[in-house]
Amino acid sequence: MPYRYKIALLKISGEALQGSQGFGLDPDTVDNIAAQIAEVAREGPRLGLVIGGGNIFRGQALAERGLNRVTGDHMGMLATVINALAMQDALERQGLETRVQSAITMVEFTEPFIRRRAIRHLEKGRVVIFAAGTGNPYLTTDTAAVLRANEVGADVILKATRVDGVYDSDPRTNPQARRFSEITYMEVIKRRLRVMDATAMSLAMENGLETIVFDLRKEGNIKKTLLGEPVGTLVRIGD
Ligand code: UDP
C-alpha cells in the first residue's frame with residue numbers, strides 16, 4: 001500500500017492505556033492499541049513509540065502535593081517504563097519484533113537508548129519503544145517524542161489523543177467548537193491551543209517535523225494517518 005510516511009513516531013499518552021477504569025493499565029485497551037499498531041507495522045512503515053506515564057504518576061501533580069519535583073519526575077519517568085513494557089508485551093503477542101530503549105539505563109530489561117542502534121532496529125522492521133522520556137526532569141514525554149523523532153529521522157509525529165484533532169476551543173464544553181484540518185505551529189502558539197507543550201512544539205517547528213493530532217479510539221486511524229488520509233489535524237511548519 002502506498003504509505004505517505006515511511007518512518008513515524010507515535011506518541012501515546014499514559015491515559016490512553018487506562019481505558020475506562022481511570023487509572024493504571026487496562027489490558028484490553030493496551031491490546032487494542034497494539035493490534036492497530038501491528039496492522040500497519042506489518043505493511044512497511046517503521047514505527048517508533050513514546051508512551052507517557054500520566055496514568056500512573058505525573059511529577060508536577062506530585063510536586064503540588066509537597067513531593068520534591070525532581071523525585072516526582074523520576075517517578076513519572078519510571079511510570080513510562082512500566083507502560084513501555086506493557087506495550088512491548090502486547091505488541092509481541094501480535095507477532096511483532098520489538099525493542100524497548102530507555103533513557104535511564106535499566107539493562108536487565110531494557111536496552112539503553114543508543115541512536116544508531118534504534119535506527120538499525122527500525123530498519124529491520126522492529127517497533128522501538130522509547131521509554132523513560134528524555135531521562136531529564138522538568139520535561140514531558142511530548143518533548144521526548146519530538147526529540148526521538150528528530151534523532152531517528154522520522155517523517156512525522158503522530159500525536160494520539162482522545163479528540164479528533166485541534167479545535168479553536170474545547171469541543172467537550174463548546175458545541176460550536178471548530179476543528180482545524182490544518183494549522184501551523186505558530187498559529188497553535190498564538191491561539192494558545194493544546195497540541196503539545198511549548199518545548200516540544202518549538203523543537204518540532206525548528207526541525208521541520210509535522211505533527212498529526214488524531215483520535216486513537218477510532219479503529220484504523222493510525223493506518224489512515226500514515227496513508228496520508230485526512231484524519232484529525234495536520235500541524236504544519238508554516239512559511
Ligand atoms: N517525565 C520527565 N521527563 C521526561 C518525560 C517525562 O520528568 O522527559 C516525567 C514527568 O514527571 C511527567 C511524567 O514523567 O509528568 C509522565 O510523562 P507525561 O506527563 O509526559 O505523560 P502523559 O501525559 O503523556 O501520559
Side-chain angles (χ1 to χ4, degrees), residues 8-26 29-30 33-34 37 47-88 90 100-106 110 112-115 118 128-152 154 157-163 166 170 172 193-204 207 209 211-217 222 232 235:
L9 195 301
L10 172 63
K11 161 70 209 291
I12 302 174
S13 71
E15 282 169 0
L17 309 185
Q18 71 194 12
S20 54
Q21 65 193 22
F23 180 81
L25 284 156
D26 174 43
T29 305
V30 177
I33 297 170
I37 293 170
L47 283 174
L49 243 64
V50 167
I51 308 175
N55 55 324
I56 303 172
F57 280 118
R58 276 217 179 86
Q60 198 173 352
L62 291 169
E64 280 159 18
R65 306 275 304 271
L67 196 93
N68 177 279
R69 171 70 195 258
V70 176
T71 304
D73 282 342
H74 288 162
M75 294 164 72
M77 285 186 264
L78 287 174
T80 73
V81 180
I82 294 174
N83 288 336
L85 294 177
M87 184 54 73
Q88 176 175 45
V100 174
Q101 287 206 344
S102 173
I104 308 278
T105 46
M106 287 183 213
T110 69
F113 171 68
I114 299 173
R115 178 177 156 264
V128 183
I129 308 168
F130 300 106
T134 64
N136 296 292
Y138 298 102
L139 295 171
T140 65
T141 50
D142 282 352
T143 301
V146 181
L147 184 67
R148 297 298 183 237
N150 281 318
E151 286 177 295
V152 302
I157 297 163
L158 305 183
K159 162 90 179 172
T161 64
R162 283 183 287 183
V163 280
V166 182
D170 190 344
R172 286 169 300 188
L193 302 173
R194 280 285 312 153
V195 171
M196 297 187 286
D197 61 84
T199 312
M201 279 209 292
S202 57
L203 196 58
N207 292 285
L209 255 178
T211 299
I212 300 172
V213 180
F214 72 102
D215 187 352
L216 182 65
R217 294 168 312 167
I222 297 177
V235 187

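The figures that follow rest on heavy atoms only: side chains count, while hydrogens, waters and symmetry mates do not. For ligands, and for the atoms within them, numbers begin at 1 and follow the listed sequence. None of these values were measured; they are calculated from a predicted model.
The closest approach between Lys11 and ligand 1 falls below 4.0 Å for a heavy atom of the residue. Within the structure, the closest approach of Ala79 to ligand 1 does not fall below 4.0 Å when heavy atoms are considered. For the pair Thr143 and ligand 1, no heavy-atom separation below 4.0 Å is found.
Gly59 N, 4.1 Å is the protein heavy atom nearest to atom 12 (C) of ligand 1. At the top of the distance list for atom 3 (N) of ligand 1, counting protein heavy atoms only, stands Asn136 O, 2.6 Å. Protein heavy atom nearest atom 6 (C) of ligand 1, with residue, atom name and distance: Leu139 O, 3.6 Å. The protein heavy-atom contact nearest to atom 18 (P) of ligand 1 is Thr141 OG1, 3.4 Å. Taking atom 9 (C) of ligand 1 as the reference point, the nearest protein heavy-atom neighbour is Asp73 O, 3.6 Å. If you check which protein heavy atom lies closest to atom 21 (O) of ligand 1, you get Gly53 N, 3.0 Å. Closest protein heavy atom to atom 19 (O) of ligand 1: Arg58 NE, 3.2 Å. The single protein non-hydrogen atom nearest to atom 13 (C) of ligand 1 is Gly76 CA, 3.6 Å, given as residue, atom name and distance.
Considering backbone and side-chain N/O atoms, His74 never comes within less than 3.5 Å of an N/O atom of ligand 1.
Atoms of ligand 1 lying under 4.0 Å from any heavy atom of Gly14, numbered from 1 in the order shown and given with element: 22 (P), 24 (O), 25 (O). Ligand 1 places these atoms under 4.0 Å from at least one heavy atom of Gly54: 21 (O), 22 (P), 25 (O).
Side-chain N or O atoms of Ser102 include none that pairs as donor or acceptor with a backbone N or O of Thr105 at under 3.5 Å. Under a 3.5 Å cut-off, the side chain of Arg162 and the backbone N or O of Arg217 do not form any donor-acceptor pair.
Residue Leu17 forms a side chain to side chain contact (heavy atoms under 4.5 Å, CB included) with just one option from Asp26, Ile33, Ile56, and that option is Ile33.
By the salt bridge (charged side-chain N to carboxylate O under 4.0 Å, His left out) test, Glu64 is found to be paired with no residue, residues two or more places apart in sequence or in another chain being considered.
Ion pairing of Asp142 with Lys159 is present here, as a side-chain N (NZ or NE/NH1/NH2) and a carboxylate O approach within less than 4.0 Å.
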